[in-house]
Protein chains: 2
Amino acid sequence: MPTDAHATSRVRPADELRQVALEQFSTVGFAATSLQQIADHAGYSKSSVLYHFASKEALLESAIGPAIDDLEVLLGDFVAGGRSPEARAVFIERFVDFLLGNRLAVHTFVNQGQSLLDIPVIQRANTAIRGIADSICADDATVVENIRFGVALAGAAYMLVAGATFRDEDHQFDDVEVRAALITVLSELLLPADGRSTR
Amino acid sequence: MPTDAHATSRVRPADELRQVALEQFSTVGFAATSLQQIADHAGYSKSSVLYHFASKEALLESAIGPAIDDLEVLLGDFVAGGRSPEARAVFIERFVDFLLGNRLAVHTFVNQGQSLLDIPVIQRANTAIRGIADSICADDATVVENIRFGVALAGAAYMLVAGATFRDEDHQFDDVEVRAALITVLSELLLPADGRSTR
DNA sequence: GCAGAATCTGACCGATCGGTCAAGGTACCT
DNA sequence: AGGTACCTTGACCGATCGGTCAGATTCTGC
């Protein structure tokens with residue numbers, strides 16, 4: 001018997017499963033999310049999930065892989081360009097847009113990147129993050145610089161998903177406001193300011 | 001038998017298990033950590049773990065409960081005191097010391113606080129965090145203010161544990177340096193600065 | 001209409017999960 | 001020696017885990 005729960009759905013099943021899985025992975029955690037839960041949320045059976053994706057790991061890879069691709073492009077462009085304050089400003093804006101456009105994926109590998117080190121796509125993500133850190137902070141960067149960078153990136157990533165937990169339902173932020181605020185705060189942190197050295 | 005006056009006192013099993021469990025919970029995740037893993041790491045059997053703690057949840061509660069107690073005291077003192085820049089500066093310093101002294105517990109409920117909402121001690125932690133946010137940010141705080149606060153706290157918490165992942169083995173930070181750097185960065189974010197409003 | 005590919009599903013597998021229980025070990029008390 | 005309170009453990013339980021597989025169903029090109 002066909003279940004018309006998703007019979008009329010024109011969304012491709014694989015995409016739908018990716019989205020549901022990403023929501024679970026980012027909020028509940030990869031290990032804590034079972035294939036059965038993903039299947040239930042998406043309206044499929046567990047077997048169907050494993051038909052579209054060879055394994056739970058492959059599903060994770062498929063869900064956050066594109067975001068890592070974007071991040072690597074972002075990193076490449078930044079490394080190719082200069083490290084002037086102007087270039088940094090452009091990078092910050094693009095980086096915030098990246099965070100907003102891939103918030104679930106970002107939250108997943110930022111929060112769980114250290115516990116999933118044996119998964120290839122996570123290794124790719126960690127490498128990219130380290131690359132960005134190396135690019136922003138010179139080799140002779142001070143501890144303060146490294147802390148500043150880590151606080152900025154991790155804090156920004158956290159605010160996009162978990163931060164919503166601490167807001168009332170009717171006090172949720174507007175994405176446009178969040179974008180502007182994140183750019184402001186990250187600029188304060190990562191751009192040279194009067195009387196402060198960034199390297 | 002409570003009193004053991006021998007010079008070399010054995011480590012109490014419950015404390016040892018708490019420590020091992022906390023290391024696992026903070027790095028691998030609560031759901032992803034099995035009682036068997038904890039038992040193996042501590043050199044006990046799974047049954048012994050469940051002898052000292054009624055359940056996996058009770059073990060979590062026992063492991064991060066004291067940190068939440070400290071956080072609540074910290075919050076209470078700050079609320080009782082003023083919100084002057086000087087009071088904020090004192091709070092920031094105490095907060096950083098709290099983070100350094102409870103880094104594993106903090107990392108656990110900051111990163112997983114949203115996925116463990118049904119556990120009492122986690123609810124307590126979330127309430128405390130929200131209380132701190134309300135105290136630092138006035139009701140009429142701008143979006144930028146909220147973002148700044150969230151980035152600061154989440155970023156700082158993340159840097160203490162996960163941040164170590166992105167450092168080479170022989171380039172680890174010194175705690176004294178980290179303390180000073182965190183105070184610097186958090187002060188930049190949360191204290192009123194020239195030409196910028198904090199509320 | 002029909003063949004074949006694509007999709008979906010329930011039954012099933014070995015492993016592991018959190019948790020229970022009774023038996024045994026050990027140290028100190030009288 | 002017995003008693004007893006504390007500690008540790010293996011055997012065991014039902015449930016669920018990720019994953020396999022054969023078969024039923026739907027879709028598509030001819």
Side-chain angles (χ1 to χ4, degrees), chain A residues 1-22 24-25 28-64 108 112 115-116 118-122, chain B residues 1-22 24-25 28-64 108 112 115-116 118-122:
Chain A
M1 267 338 238
T3 57
D4 54 21
H6 54 274
T8 59
S9 166
R10 296 171 182 247
V11 185
R12 284 166 43 181
D15 292 336
E16 195 178 353
L17 289 172
R18 249 187 297 267
Q19 178 63 24
V20 170
L22 200 45
Q24 296 295 305
F25 291 161
V28 184
F30 176 75
T33 300
S34 68
L35 293 176
Q36 190 66 62
Q37 290 174 29
I38 296 172
D40 290 346
H41 273 84
Y44 291 91
S45 70
K46 190 179 70 171
S47 298
S48 284
V49 178
L50 285 164
Y51 167 76
H52 289 285
F53 302 94
S55 67
K56 188 181 174 186
E57 227 175 78
L59 176 52
L60 173 69
E61 174 121 12
S62 175
I64 74 174
T108 299
Q112 306 175 55
S115 62
L116 307 172
D118 50 342
I119 300 181
V121 73
I122 297 289
Chain B
M1 219 20 73
T3 54
D4 189 358
H6 286 60
T8 54
S9 62
R10 277 178 47 200
V11 182
R12 284 165 45 180
D15 292 336
E16 196 177 353
L17 288 171
R18 249 187 297 266
Q19 178 63 23
V20 169
L22 200 45
Q24 296 294 306
F25 290 160
V28 183
F30 176 74
T33 301
S34 68
L35 292 175
Q36 190 66 63
Q37 289 174 30
I38 296 172
D40 290 346
H41 273 85
Y44 291 92
S45 70
K46 191 178 70 171
S47 299
S48 284
V49 178
L50 285 165
Y51 167 77
H52 290 284
F53 302 95
S55 67
K56 189 182 173 185
E57 224 175 83
L59 176 52
L60 174 68
E61 174 121 14
S62 175
I64 75 174
T108 299
Q112 306 175 55
S115 62
L116 306 172
D118 51 341
I119 300 180
V121 73
I122 296 290

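Since we're looking at a predicted model, the values are computed, not measured. Side-chain atoms are counted along with the backbone in the values below, which use heavy atoms only and exclude waters and symmetry mates. Numbered from 1 within each chain, the chains take letters A, B, ... in sequence-line order.
- Note: CG (A/Leu60) to P (D/dG19) measures 12 Å, nearest angstrom.
- Taking atom CZ on A/Phe53 and atom C1' on D/dG19, their separation rounds to 16 Å, with Å as the unit.
- Note on B/Ser55: every side-chain N or O is 4.0 Å or more away from OP1 and OP2 of C/dG18.
- When rounded to the nearest whole Å, the span between NZ of B/Lys56 and C1' of D/dT16 equals 13 Å.
- Candidate nucleotides C/dC17, D/dC17, D/dT8 were compared by shortest atom distance to the side chain of A/Ser34, and D/dC17 ranks first.
- Among the nucleotides D/dG19, D/dT9, C/dG18, the one closest to the side chain of B/Ser45 is D/dT9.
- B/Gln24 CD to B/His41 NE2: the interatomic distance, rounded to the nearest 0.5 Å, is 4.5 Å.
- You'll find that the side chain of B/Gln36 is closest to C/dC17, out of C/dC17, D/dT8, C/dG18.
- Per the geometry, OH belonging to B/Tyr44 stands 8 Å off P belonging to D/dT9, to the nearest Å.
- A side-chain donor-acceptor contact under 3.5 Å links B/Gln36 and B/Asp40.
- Distances shown here put every side-chain N or O of B/His52 at or beyond 4.0 Å from the OP1 or OP2 atom of D/dC6.
- When distances run from any side-chain atom of A/Leu35 to the nucleotides C/dT20, D/dG18, D/dT9, the shortest one goes to D/dG18.
- Of all the heavy atoms in B/Pro120 and B/Glu57, the pair that sits closest is CD-OE1, 4.3 Å.
- Of the candidates D/dC6, D/dC17, C/dC8, D/dC6 carries the atom nearest the B/Tyr51 side chain, counting heavy atoms from C-beta on.
- The phosphate of C/dG10 (OP1 or OP2) has no side-chain N or O of A/Ser47 nearer than 4.0 angstrom.
- Here C/dG19 presents its P atom at 10 Å from CG of B/Leu59, a figure rounded to the nearest Å.
- If you take CD1 of B/Ile38 and C1' of C/dT16, they are 15 Å apart, rounded to a whole angstrom.
- Residue A/Ile64 is tested with A/Ile119, A/Leu59, A/Ile122 for a side chain to side chain contact (heavy atoms under 4.5 Å, CB included); the sole match is A/Ile122.
- The CD1-P distance, from A/Ile119 to D/dG18, rounds to 12 Å in whole Å.
- The base of C/dG19 lies close enough to the side chain of B/Lys46 for a donor and an acceptor atom to sit less than 3.5 Å apart.
- Atom CG of A/Asp40 and atom P of C/dC8 are 15 Å apart (whole Å).
- Put simply, the side chain of A/Leu116 does not reach to within 4.5 Å of the side chain of A/Val121, judged on heavy atoms.
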